[in-house]
J.: 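What follows is a structure written as structure tokens; I'll ask about it next.
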Amino acid sequence: MDKTYDPHTIEQYWYRTWEERGYFAPRPARPGAGSFCIMIPPPNVTGSLHMGHAFQDTLMDTLVRYHRMRGDATLWQAGSDHAGIATQMVVERQLAGEGNDRISLGRERFIERVWQWKAESGNAISGQLRRLGASLDWSRERFTMDRGLSRAVREVFVRLHDDGLIYRGKRLVNWDPVLETAISDLEVVAQEERGHLWHLRYPLAGSDGGPTAEYLVVATTRPETMLGDTAVAVHPEDERYRHLIGQRVCLPLTGRLIPVIGDDYVDPEFGTGCVKITPGHDFNDYAVGQRHSLPLINVFTPDARINDQAPEAYRGLDRFAARERIVGDLRAQGLLEAVTDHTLMVPRGDRTGEILEPYLTDQWFVRVKPLAEPAIAAVERGDIRFVPGNWARTYFEWMRNIEDWCISRQIWWGHRIPAWYDPQGNIYVGRSEAEARRRGGLPDEVSLEQDHDVLDTWFSSALWPFSTLGWPEQTEELRRFYPTSVLVTGFDIIFFWVARMIMMGLRFTGEVPFHDIYIHGLVRDSDGQKMSKSKGNVLDPIDLIDGIDLESLVVKRTRGLMQPQMAHSIEKATRRHFPQGIPAFGTDALRFTFAALASTGRDIRFDLNRVEGYRNFCNKIWNAARYVLMNAEGQDLGTDTEGRCLSQAERWVLSRLSRTIDAVHEHIAGYRFDLMAHALYEFVWDEYCDWYLELSKATLHDADAEPRSRRGTRHTLVRVLDSILRLLHPLMPFITEEIWQRAAPMLADSGHRPETICLQAYPEPGELVRDEAAEQEMDWVMGFILGLRRIRGEMDIAPGRPLPVLLQDADRRSRERVDAHRAYLDTLGRVESIRFITRGESPPQAATALLGRMKILVPMAGLIDTRAELQRLDRQMTKLRQDLERTQRKLANESFVQKAPAQVVDKERGKLDSLRQSLDELQAQRERIAALD
RNA sequence: GGGUGCUUAGCUCAGCUGGGAGAGCAUCGCCCUUACAAGGCGAAUGUCGGGGGUUCGAGUCCCUCAGCACCCACCA
């Protein structure tokens with residue numbers, strides 16, 4: 001093995017090998033095991049892997065590899081999403097670059113073009129997932145627009161329509177005037193923005209219908225919509241205006257007469273207490289209009305210009321140009337009373353960022369309430385569990401107030417709605433035109449035209465857990481893997497995706513789509529900022545794996561910005577944050593970092609120092625393995641327990657390993673990847689490397705050690721390493737495989753050559769025995785060595801310098817232990833000699849460490865200065881005294897002694913005794929040294 | 001306006017059903033000891049956001065205040 005761990009040389013090789021050998025395809029469950037399935041949240045075909053994906057996919061892969069090793073029939077379903085609007089926008093941008101556009105290309109050719117683009121670059125993300133080590137079953141990869149999934153989409157649409165749960169209706173919807181499509185409520189992001197409140201005068205109409213000198217003042221944030229006003233509303237109880245209800249006002253600029261109505265939607269406290277009502281361009285006004293049977297006038301074209309319903313002067317003007325013109329005209333006529341600053345919530349499209357318009361159009365909707373009820377019940381019953389559990393509240397909150405879902409989109413890329421129209425405009429729904437015709441009893445002569453709209457992308461995503469398994473066919477995979485085990489996803493798509501999967505899953509399979517929903521947090525940058533291209537703070541996971549030099553990173557971050565003027569500050573920040581660029585950390589280090597940061601679903605700040613730390617951990621494992629191989633490869637490990645003798649150190653490390661195994665299982669069952677990573681890190685570094693490997697040297701370097709002991713040690717080194725590799729494999733697949741290939745043959749029965757760690761058994765609780773006795777023995781040994789190290793460290797004695805050691809007040813047990821563990825003490829403590837001080841003998845001036853009753857003394861002559869030792873003792877005693885006082889106070893409290901459990905009280909008493917004793921010993925020692933000085 | 005979460009060592013965060021405040025990184029010493037300097041050994045570090053309550057006992061439970069973050073919502 002090379003001296004230094006180099007991730008690059010091993011990762012790509014192993015992934016290719018695993019995939020070629022088909023390790024990721026589900027295998028029959030081992031006896032006693034079950035099945036396990038995760039559906040990958042399908043990434044957009046437009047996408048490339050970002051930190052959120054890398055985080056999420058690491059967690060999923062960890063679960064998947066863990067279950068695969070435990071022998072479950074395991075499927076991690078691969079696939080991607082057609083991402084209608086996002087993908088269409090990408091290809092349209094491409095066309096624009098060629099001086100072309102989708103309209104002149106035509107629908108059919110445009111869609112061909114999207115497919116072509118999908119084929120070329122749509123696989124970028126799957127390549128990146130491979131780099132991440134994600135053990136997806138690529139042989140079953142699906143796409144939301146492939147044949148099978150399209151069939152499932154049509155099936156669901158038709159069935160919901162037949163059941164009256166999908167309908168077509170004319171409604172006010174959120175309209176994106178750039179894309180010229182409707183979008184769902186969820187795709188609207190409301191942003192607080194600074195704007196104005198315009199106070200407009202609407203003259204009251206006289207008996208002749210002409211304007212009078214009196215007027216009502218309405219306050220509005222959108223003066224341009226006044227062209228579509230059909231009423232002015234006041235609160236019915238408002239003393240100021242009550243008497244005007246039923247009268248009419250002259251709508252300026254149009255000359256139309258509109259009524260004054262009373263409606264308690266109006267808040268008399270806000271603005272002027274008079275509200276202009278524009279049912280065609282405001283959701284609230286629409287509702288008011290319905291209540292009062294007001295006409296609805298649409299004054300906008302689909303791209304938000306003024307249409308022909310408005311006075312000629314404004315026609316064709318963009319909505320914002322129209323605003324200026326209208327305000328100007330009103331001012332000129334003396335009808336603008338005031339303009340005040342006002343912050344308001346502006347609805348923008350999540351894709352285009354454009355201000356949306358409420359717009360009256362024909363759309364398709366899903367009637368969601370009947371679907372939501374069982375979906376709520378499933379979570380209430382516990383058939384589905386959110387982890388962490390508090391997300392269930394968010395889910396309930398939304399599901400209980402859910403509105404119908406607008407599923408039609410006026411774009412081209414997506415599942416075309418399976419509905420056809422005859423020349424009279426009658427609707428025929430079917431799985432195909434032929435079926436629609438048959439079901440409608442239409443003769444062939446009648447021409448039918450399919451609906452031009454496509455479905456919301458989330459409609460097909462909602463079917464993902466069962467459509468990918470072959471539904472509506474009752475396939476073997478569906479039987480075996482549905483309901484799936486767990487969904488791993490971010491909180492941001494609970495409404496978009498999670499809730500809808502639950503609704504559709506229950507409706508069409510009668511079962512929940514998954515049992516657990518693990519919600520993870522957002523990956524932020526080291527300052528806690530959201531990562532985004534426009535902020536220029538994104539990290540590409542691949543750059544963390546392979547490394548990237550500063551110049552390339554700067555180029556990458558500043559290229560193709562929406563706001564090119566940001567480039568300079570982004571460059572500056574990047575140079576400050578990464579003066580050396582980013583070193584190559586390797587996939588395993590990155591994965592381990594994600595796991596270690598994944599605590600209880602809260603957002604994580606991604607810090608390069610953390611990755612570096614875990615890269616070092618990889619190196620640690622690598623070097624530990626080198627040590628083990630050096631000492632065991634080709635050596636005699638003993639063929640059976642007869643041929644091996646296990647010392648206390650061996651028993652100890654195996655006992656500690658068994659605790660670690662338990663902890664790992666417990667943590668992964670609770671989705672505490674951070675604790676899992678932490679438990680393994682601690683065992684490997686602190687116990688296996690820092691203690692056991694060092695302890696093993698005592699045996700292996702001892703020329704007098706028995707062959708059986710040496711075999712026991714060698715065997716244990718390899719055996720524990722093997723377990724460590726298996727335990728870590730789900731988190732760090734590459735380095736564990738690489739090392740395991742070398743380590744495993746040493747343990748294998750001759751003739752049986754294991755192929756891959758991916759399919760090895762995961763260490764299970766109960767495989768090893770807890771050995772309390774060995775743990776106690778080694779605690780004593782470590783205490784001894786730590787005492788010496790502390791003296792050495794605090795006295796600045798070089799680690800290599802052998803120390804003469806005197807032991808005072810050693811009881812029989814301690815004498816036996818010194819004898820039994822002498823080799824460990826000599827090797828790890830760098831002990832030159834040990835001598836027991838006899839009773840009555842007065843010890844020389846020495847630095848002291850306390851081990852129970854026994855005092856470990858290092859004579860100071862020539863080594864230590866007295867002053868420093870006195871200070872050292874004082875420090876220790878101060879600590880003990882504080883502890884002692886607290887304990888005394890506690891025990892002096894009668895209520896405590898009476899009311900606290902006896903166990904707790906006893907513990908405090910025991911503590912008091914040992915504290916007193918230690919303090920006495922140290923005090924005596926201090927006096928001795930002080931006296932000798 | 002409604003809801004959720006957060007506040008613990010210089011930084012990033014653990015701390016489960018209430019019983020002696022922890023980790024990593026950073027810092028400071030001593031060491032290139034034959035697995036590893038991407039390392040070893042040792043050290044220092046906290047009115048657990050403020051206040052109140054329950055309790056023998058509160059970082060942990062309850063109330064309250066403050067600050068921060070996020071989600072939802074139709075005040076023109």
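Sequence lines set the chain letters: A, B, ... in the order given, protein chains first and strands last, and positions in each chain run from 1.
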J.: When you get a sec, tell me which of rC36(B), rA35(B), rA76(B) is the closest nucleotide to the side chain of N619(A)?
T.: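 My answer, after comparing the listed nucleotides, is rC36(B).
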
J.: Counting only side-chain N and O atoms of H667(A), is one of them less than 4.0 Å from OP1 or OP2 of rC16(B)?
T.: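 Negative; the distance criterion is not met.
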
J.: Look at all strands and tell whether G273(A) reaches a base, only sugar-phosphate, or nothing, counting heavy atoms closer than 4.0 Å.
T.: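 Touches a base.
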
J.: Could E193(A) and R348(A) be called an ion pair, given the rule that one side-chain N must be under 4.0 Å from one carboxylate O?
T.: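 A salt bridge is present here (some side-chain N lies under 4.0 Å from a carboxylate O).
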
J.: Only pairs at least two apart or in different chains count here, so list each salt bridge (Lys or Arg N to Asp or Glu O under 4.0 Å) that has a residue in residues 219-232 of chain A.
T.: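 Sorted result for residues 219-232 of chain A: R222(A)-E224(A), R222(A)-E357(A), E224(A)-R323(A), D229(A)-K276(A).
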
J.: Can R171(A) and D404(A) be counted as an ion pair, charged N to O under 4.0 angstrom?
T.: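 Salt bridge: yes.
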
J.: Do the two ring centres, one from Y824(A) and one from F784(A), sit under 6.0 Å apart?
T.: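 Ring centres of F784(A) and Y824(A) not closer than 6.0 Å.
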
J.: My understanding is that only residues two or more places apart in sequence, or in another chain, count here; which of them pass ring pair (Phe, Tyr, Trp, His ring centres under 6.0 Å) with F673(A)?
T.: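 Per chain and number, F673(A) pairs via ring pair (Phe, Tyr, Trp, His ring centres under 6.0 Å) with Y518(A).
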
J.: To the nearest Å, how far apart are N893(A) CG and rC56(B) P?
T.: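 Result: 9 Å.
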
J.: With a cut-off of under 6.0 Å to the ring centre and 45° to the axis, is R789(A) in cation-pi contact with W691(A)?
T.: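 Yes, a cation-pi geometry.
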
J.: Does atom CZ (R291(A)) have a neighbourhood of more than 12 heavy atoms from anything else shown, all under 6.0 Å?
T.: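 Yes - once you tally the heavy atoms of other residues, nucleotides and ligands closer than 6.0 Å, there are more than 12.
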
J.: CD1 of I621(A) versus C1' of rA38(B): gap in Å, rounded?
T.: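 Roughly 13 Å, once rounded to whole Å.
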
J.: If you compare every side-chain N and O of K697(A) against the phosphate oxygens of rA35(B) (OP1, OP2), does one of them come in below 4.0 Å?
T.: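 So the side chain of K697(A) is within the cut-off, an N or O lying under 4.0 Å from OP1 or OP2 of rA35(B).
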
J.: Give the rounded distance in Å between these two atoms: CG of D588(A) and C1' of rA38(B).
T.: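 Rounding to the nearest Å, CG of D588(A) and C1' of rA38(B) are 15 Å apart.
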
J.: Would you indicate what C618(A) reaches in the nucleic acid, counting non-hydrogen atoms under 4.0 angstrom: base, sugar-phosphate, or nothing?
T.: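 Nothing, no heavy atom under 4.0 Å.
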
J.: For R792(A), which contact category applies under a 4.0 Å heavy-atom criterion: base, sugar-phosphate, or nothing?
T.: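 Since no nucleic acid heavy atom lies under 4.0 Å of R792(A), the category is nothing.
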
J.: Do you know the tightest heavy-atom contact between A743(A) and V718(A)?
T.: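 The answer is O-CG1, 3.9 Å.
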
J.: Grab the N/O contacts between the protein and nucleotides 67-70 of chain B below 3.5 Å, and write none if there aren't any.
T.:
none

J.: Among rA35(B), rA14(B), rA73(B), find the nucleotide with the atom closest to the side chain of M345(A).
T.: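 Of the candidates, rA73(B) comes closest.
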
J.: Would you verify whether the NZ or CZ of K697(A) falls within 45 degrees of the ring axis of Y627(A) while also being under 6.0 Å from that six-membered ring's centre?
T.: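 The answer is yes, since K697(A) meets both limits relative to Y627(A).
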
J.: Is L675(A) touching bases, backbone alone, or none of the nucleic acid, heavy atoms closer than 4.0 Å?
T.: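 L675(A): backbone/sugar contact only, no base atoms under 4.0 Å.
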
J.: Please tell me which of the listed nucleotides, rA76(B), rG42(B), rG15(B), lies nearest to the side chain of L344(A)?
T.: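 For the L344(A) side chain, the nearest candidate turns out to be rA76(B).
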
J.: Send over the distance from Q898(A) CD to rG57(B) C1', rounded to a whole Å.
T.: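 Computing the Q898(A):CD to rG57(B):C1' distance gives 14 Å.
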
J.: Taking only Watson-Crick and G-U wobble pairs with both distances under 3.5 Å, what dot-bracket line describes RNA chain B, where [ ] shows pairs that cross earlier ones and | shows pairs with another strand?
T.: (((((((..((((.....[..)))).(((((.......))))).....(((((..]....))))))))))))....

J.: In whole angstroms, how far is the P atom of rA35(B) from the CH2 atom of W691(A)?
T.: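 Atom-to-atom, W691(A) to rA35(B), this comes out as 17 Å.
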
J.: Would you name the heavy atoms of V905(A) and F896(A) that are closest together and state the gap between them?
T.: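 Closest pair (atom of V905(A), atom of F896(A), distance): CG2-O, 4.0 Å.
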
J.: What integer number of Å spans the C1' atoms of rG49(B) and rC16(B)?
T.: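 Looking at atom C1' only, rG49(B) and rC16(B) are 24 Å apart.
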
J.: Assign T4(A) to base, sugar-phosphate, or nothing according to its heavy-atom contacts below 4.0 angstrom with the strands shown.
T.: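 Base contact - T4(A) has a heavy atom under 4.0 Å of at least one base atom.
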
J.: Between rC48(B) and rC61(B), how far apart are the C1' atoms? Round to whole Å, please.
T.: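 The same atom, C1', in both gives a distance of 16 Å.
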
J.: Return a single string for nucleotides 19-29 of chain B, one symbol per nucleotide in 5' to 3' order, where B is base contact, S is sugar-phosphate-only contact and - is none, cutoff 4.0 angstrom on heavy atoms.
T.: BBS-S-S---S

J.: Between protein and nucleic acid, restricted to nucleotides 44-47 of chain B and to nitrogen or oxygen atoms under 3.5 Å apart, what atom pairs and distances do you find?
T.:
none

J.: Does the side chain of S184(A) pick up a donor-acceptor pair with the side chain of E187(A) at under 3.5 Å?
T.: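 There is such a pair between these side chains.
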
J.: Base, sugar-phosphate, or nothing: which does T394(A) touch, judged by heavy atoms less than 4.0 Å apart?
T.: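 Nothing, no nucleic acid heavy atom in range.
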
J.: Could you give the CZ-to-P distance, from F495(A) to rU4(B), as a whole number of Å?
T.: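 Between P of rU4(B) and CZ of F495(A): 13 Å.
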
J.: With a non-hydrogen cut-off below 4.0 angstrom, is L786(A) in contact with a base, only sugar-phosphate, or nothing?
T.: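 Sugar-phosphate, no base atom in range.
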
J.: Quantified in whole Å, what is the C1' atom distance between nucleotide rA43(B) and nucleotide rA9(B)?
T.: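 Their C1' atoms lie roughly 15 Å apart.
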
J.: Tell me: CG of D285(A) to P of rA76(B), nearest whole Å?
T.: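 These atoms are roughly 11 Å apart.
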
J.: Below 4.0 angstrom from OP1 or OP2 of rG40(B), is there any side-chain N or O of K620(A)?
T.: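 Affirmative; the distance criterion is met.
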
J.: Is it the case that the side chains of N390(A) and R393(A) hold a donor-acceptor pair, with the cut-off being a distance below 3.5 Å and no angle test?
T.: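 N390(A) and R393(A) do not have a side-chain donor-acceptor pair below 3.5 Å.
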
J.: Should D883(A) and R886(A) count as an ion pair when the cut-off is N to O under 4.0 Å?
T.: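 Looking at D883(A) and R886(A), the cut-off is met.
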
J.: Can you check the L197(A) CG to rC75(B) P distance for me, whole Å?
T.: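 Distance check: L197(A) CG to rC75(B) P gives 14 Å.
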
J.: So R393(A), base contact, sugar-phosphate only, or nothing? Heavy-atom distance under 4.0 Å.
T.: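 Sugar-phosphate contact only.
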
J.: Would you tell me if any nitrogen or oxygen in the side chain of T220(A) comes within less than 4.0 Å of OP1 or OP2 on rA76(B)?
T.: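 So the side-chain polar atoms of T220(A) never come under 4.0 Å of the phosphate oxygens OP1 or OP2 of rA76(B).
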
J.: Could you verify whether a donor N or O on one side chain and an acceptor N or O on the other, from H292(A) and D263(A), lie under 3.5 Å apart?
T.: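 Yes, side-chain donor-acceptor contact under 3.5 Å.
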
J.: Pick the C1' atom in rU60(B) and in rG18(B), then give their distance to the nearest Å.
T.: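 Each nucleotide's C1' atom is 6 Å from the other's.
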
J.: Checking contacts here: which listed nucleotide (rC36(B), rA76(B), rA35(B)) is nearest the side-chain heavy atoms of L693(A)?
T.: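 For L693(A), the side-chain atoms sit closest to rA35(B).
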
J.: My understanding is that only one of F592(A), Y5(A), W685(A) makes a ring-ring contact (aromatic ring centres under 6.0 Å, His included) with Y614(A); could you say which?
T.: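 Of the listed options, the one satisfying the test is F592(A).
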
J.: Using a heavy-atom cut-off of 4.0 Å across all strands, would you classify H199(A) as base, sugar-phosphate, or nothing?
T.: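 Here H199(A) touches no strand at all.
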
J.: NA contact type, V266(A), heavy-atom cut-off 4.0 Å: base, sugar-phosphate, or nothing?
T.: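 Counting heavy atoms under 4.0 Å across all strands, the contact made by V266(A) includes a base.
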
J.: Ring centres of H342(A) and F270(A) under 6.0 Å apart?
T.: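 Centroid distance H342(A)-F270(A): below 6.0 Å, so yes.
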
J.: Picking from rC74(B), rC6(B), rC75(B), which would you name as closest to the side chain of N284(A)?
T.: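 Nearest to the side-chain atoms of N284(A), counting from C-beta on, is rC74(B).
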
J.: Can you see which heavy atom on V266(A) is nearest to which on G273(A), and at what distance?
T.: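 Minimum heavy-atom separation between V266(A) and G273(A): CG1-O, 3.4 Å.
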
J.: Would you indicate what F270(A) reaches in the nucleic acid, counting non-hydrogen atoms under 4.0 angstrom: base, sugar-phosphate, or nothing?
T.: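 Since a base atom lies under 4.0 Å of F270(A), the category is base.
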
